[in-house]
Amino acid sequence: MPRPLLATIDISALQHNLRVARTRAPNSKVWAVVKANAYGHGLERAVRAFAEADGLALIEPDYAVRLRELGWEKPVLLLEGFFDASDLEVVISQQLEIAVHCDEQIALLESKLPNNQSTYQLPVHLKMNSGMNRLGFSPDAFRAAHLRLRKIPGIGNITLMTHLANADDPLNPGLPLQQQVACFERGIAGLEGERSLANSAADLMHPELRSDWVRPGVMLYGATPGGDSAKSFGLRPAMTLTSKIIGIQKIAAGEAVGYGSRFVADHPMIVGVVACGYADGYPRHAPTGTPVVVDGVRTSTVGRVSMDMFSVDLTAVPGAHVGSDVLLWGNGLSVDEVAHAAGTIGYELLCAVAPRVRVTES
Ligand SMILES: *Cc1c(COP(=O)(O)O)cnc(C)c1O
C-alpha cells in the first residue's frame, strides 16, 4: 500500500489561471513560466495545461530539451540564457530563445555563432539590471550590449527585458517600483524592440507594466507573490496536498510532543500524527500553530516537523481517527497561508514537494 501522502494537480485550474493571466494582460503575449519543474507541478502537465500560452519560459537547459521532446513547438525561453558553450549548441539545435545578461555570454555568442551552420536566427532577450542587482546590464551599459549583439550574424529579434524586485510592494523604500521602471525606460530610450517586464505581481497588480510580453509564474499555479490572496484575484489552487492521520496519542498536561520536546501541553490533548514530513517538502521550520485541515476542520500543527511525519492538535476534531483525511494545502487551505505561517512563501513550498510524493491529476 502506498503512503497516503498525495499531491493532486488540477489541470483545469492551471488552464483557468493562464486565462486569468491573459485576461489581465489582453494585449500582451504570455510566457508561461515553468521553471523548477513547473513550480513542482510537473513539466509534462504544464505542456498540456499551458497549450494556449505563446511560449514557455524556464531556467534549466535540460528541461528545455525535455519540452521539445514532449512536443512543444512554440517558443521556449531560457530566462538565464546559456551557461556554457555546450548549452549554446543545444540552444541552436532545439531552436530556443535566450536571455543575455552579461558580457561573457555576448563574447561566447561572438565567437561561436558565426561558425554555426544553422539558419536559425536566435532571438535574444537582452536583460537590464534596473536596480535589483541580480542579473543584467546596467542601464548605462545596455545600449553598448545591444549594439554588440546586433552585429553578430545569427542573432534574431532582440527583446528588451528586465525583472522587477518589488511589483508586489511598489513603495518599498529599498527600490520603489516606479524608480525601477524609470531606470528601465532610461536605459532602453531610443532602442527598437519588444519589451518584457511583468512577472505575476506586475501582471496582477500593475496594468501599466503589461508590455509586449508578460512572464507570469506563480499565479499560474494558483498562488500569489504577495499582496492580496490568490482567491481575490480569481486564481484557483493547482496543487492540493493531502494525507491521512496514521496515529493518535492522548496526552496529559505537562507531556511533550516530538523531537526536542518543543511543545508541552498545558491541558489534556488529543494529538494526531500526519504522514508528511520535511523529506516530503513540508517545511521543517513550520512552527506550532501552522494551519492544517483534518476531516474538514481547521486546526494546527504541534511540535517539530520531523522527516516523515508531524503532529496536529485534534482536540477540536472529536471524530478524528486513524485514517482521517488531512489537507496540507491547496483547495480549502491556501499554500500562501501555510507558507506565511512557516515564515516563507508559497513558491518555496510548491517547488519543494519531494520526488517521493505520489502525484495524481484531477
Ligand atoms: C521566475 C521568473 C518569473 C516569474 O515570476 P513569478 O513571480 O513566479 O511570476 C518571471 N521572470 C523571470 C525572469 C523569472 O525568473
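One-based numbering, in listed order, for ligands and for the atoms of each.
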[X] and [Y]: side chain donor to acceptor below 3.5 Å:
X: Arg215; Y: Ser196; value: yes
X: Asn133; Y: Asn129; value: yes
X: Thr224; Y: Asp336; value: yes

Which protein heavy atom lies closest to atom 7 (O) of ligand 1, and at what distance to 0.1 Å?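 Protein heavy atom with the smallest distance to atom 7 (O) of ligand 1: Tyr347 OH, 2.6 Å.
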
Please write down residue, atom name and distance for the protein heavy atom closest to atom 9 (O) of ligand 1.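 Looking at atom 9 (O) of ligand 1, the protein heavy atom closest to it is Ser200 OG, 2.5 Å.
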
Please collect all salt bridge (charged side-chain N to carboxylate O under 4.0 Å, His left out) contacts where either partner lies in residues 136-147, sequence neighbours excluded, each pair once.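 Pairs touching residues 136-147 that pass the test: Asp140-Arg186.
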
According to the salt bridge (charged side-chain N to carboxylate O under 4.0 Å, His left out) rule, which pairs have a member within residues 73-101, sequence neighbours left out?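 For residues 73-101: none.
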
Give yes or no for whether the N/O distance cutoff of 3.5 Å, strictly under, is met between Val218 and ligand 1.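 It does: an N or O of Val218 is found under 3.5 Å from an N or O of ligand 1.
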
Would one find an N or O of Met219, backbone or side chain, under 3.5 Å from an N or O of ligand 1?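 Among all N and O atoms of Met219, none is under 3.5 Å from an N or O of ligand 1.
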
Do the side chains of Val322 and Lys244 get nearer than 4.5 Å, heavy atoms only?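 No, their side chains stay 4.5 Å or more apart.
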
Min heavy-atom dist Tyr39 to ligand 1 below 4.0 Å: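 Flag set, Tyr39 near ligand 1.
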
May I ask which of Lys35, Arg215, Lys127 has a heavy atom nearer to atom 1 (C) of ligand 1 than the others do?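 Nearest option to atom 1 (C) of ligand 1, by heavy atoms: Lys35.
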
With a heavy-atom distance limit of 4.0 Å, tell me whether Pro225 approaches ligand 1 through its side chain, its backbone, both, or neither.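 It is neither; nothing of Pro225 touches ligand 1.
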
